[in-house]
2 protein chains.
Amino acid sequence: MAKGVAPRECSVADTLQVVGERWTLLIIRELLYGVRRFDGIVRNTGAARDILTTRLRKLEEAGIVRREPYSEHPPRYEYHLTAKGRELSDVLTVLMKWGDRHLNTADPPVRWIHVCGERLDPVVVCAHCGRPANEGARPIGRGALTP
Amino acid sequence: MAKGVAPRECSVADTLQVVGERWTLLIIRELLYGVRRFDGIVRNTGAARDILTTRLRKLEEAGIVRREPYSEHPPRYEYHLTAKGRELSDVLTVLMKWGDRHLNTADPPVRWIHVCGERLDPVVVCAHCGRPANEGARPIGRGALTP
DNA sequence: GCAGTGAGTTGTATTTTCCAACTTACTCGC
DNA sequence: GCGAGTAAGTTGGAAAATACAACTCACTGC
């Protein structure tokens, strides 16, 4: 990174700096599922307890997770997502779709039933025209250069 | 992982197994931007050259990247995304949106102009009803249990 | 009391990652 | 034709992150 040019400026890279470490997105998955306690997250993710501790502290620092005491004396906390954290649900949704399509073709481990009653088929579209987001979009701005 | 219960079965976890390592999604970002060569990817991501080599080999093995020779003798290759790899663009799009909203509020490094002419505002919706995907969806299936 | 639960903490072994330097095989300018 | 530059790696050693199991502390329930 030192000599010559800097890497591309990019919100993807910045986001991954916050949630891109191993286990982090799985922790957020558990919180979205409603699992609130340490041992539950350990069980469902398979992460080591020490790693989980450091990840949860970092997520709290980043404003993605909030810690709420449910017992003093043995000081114990429940973990909740903040609004900022809940907005990561779209990331998880899209990752799940890709995995369902390309890795678990036969039978997906989880299906989601949408509020409309149908099985959820998530698509990323442009809020203005409703067409797929990846349909002929072009990047502009200082991070868009490709030398 | 050994004693007691297994972690949650989940396509998110499976996807991250393939593209969740550090640098991997940034490599895919570069390929989506049209950068095809090793040194370009090194420059734009900031990844170490040895790491990049192993990541590209793994991605090739996973069927996400295809390697095409453009010179023999010094054997040199260009890297392309397969259809499977291009489908990860939605993942990047959604990660970018979160970063734009929560980390680069002032001025996003890249804006995308959609084919409709407007600035792209990507939203994840249900393909059936068009409403936001995260609106009251409920999980079912063997990976949906929350003990 | 005594087993069990819950949330960590600690110590050590193993894996990854980082970084800089080196290599090979050209191509280009003069 | 000769040195500089480009391109895509490979190598070796240091530094950091991860994994794993065992241990602690403060209860709770029987």
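Letters A, B, ... mirror the listed sequences (proteins, then strands); counts begin at 1. All values below were derived from every heavy atom in this structure, side-chain atoms included, with hydrogens, water molecules and symmetry-related copies excluded.
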Should B:Tyr70 be listed as having a side-chain N or O under 4.0 Å from OP1 or OP2 of D:dA8? yes
Given C:dG8, is OP1 or OP2 found less than 4.0 Å from the side-chain N or O atoms of A:Arg57? yes
Rounded off to whole Å, could you give me the CG-to-C1' distance for the A:Asp39 and C:dT9 pair? 14 Å
B:His128 side chain vs A:Arg119 backbone, donor-acceptor pair below 3.5 Å: yes
Is A:Arg37 side chain donor-acceptor paired with the C:dA7 base, going by distance under 3.5 Å alone? no
Rounding to a whole Å, what distance do you find between A:Arg76:CZ and C:dG6:C1'? 5 Å
B:Tyr79 vs D:dG9: side-chain N/O to OP1/OP2 distance below 4.0 Å: yes
Report yes or no: is the cationic atom of A:Arg37 (NZ for Lys, CZ for Arg) under 6.0 Å from the centre of the six-membered ring of A:Tyr70, at an angle within 45° of the ring normal? yes
Taking CD from B:Glu60 and C1' from D:dG9, how many angstroms apart are they, rounded to a whole number? 14 Å
Tell me if a side-chain donor or acceptor on B:Ser89 pairs with a main-chain N or O of A:Asn134 at a distance below 3.5 Å. no
Regarding B:Glu87 and A:His102, is there a side-chain donor-to-acceptor distance under 3.5 Å anywhere? yes
Taken to the nearest whole Å, CD1/A:Ile51 to C1'/C:dT14 is 12 Å
To the nearest angstrom, the CG-C1' distance between A:Asp50 and D:dA16 comes to 14 Å
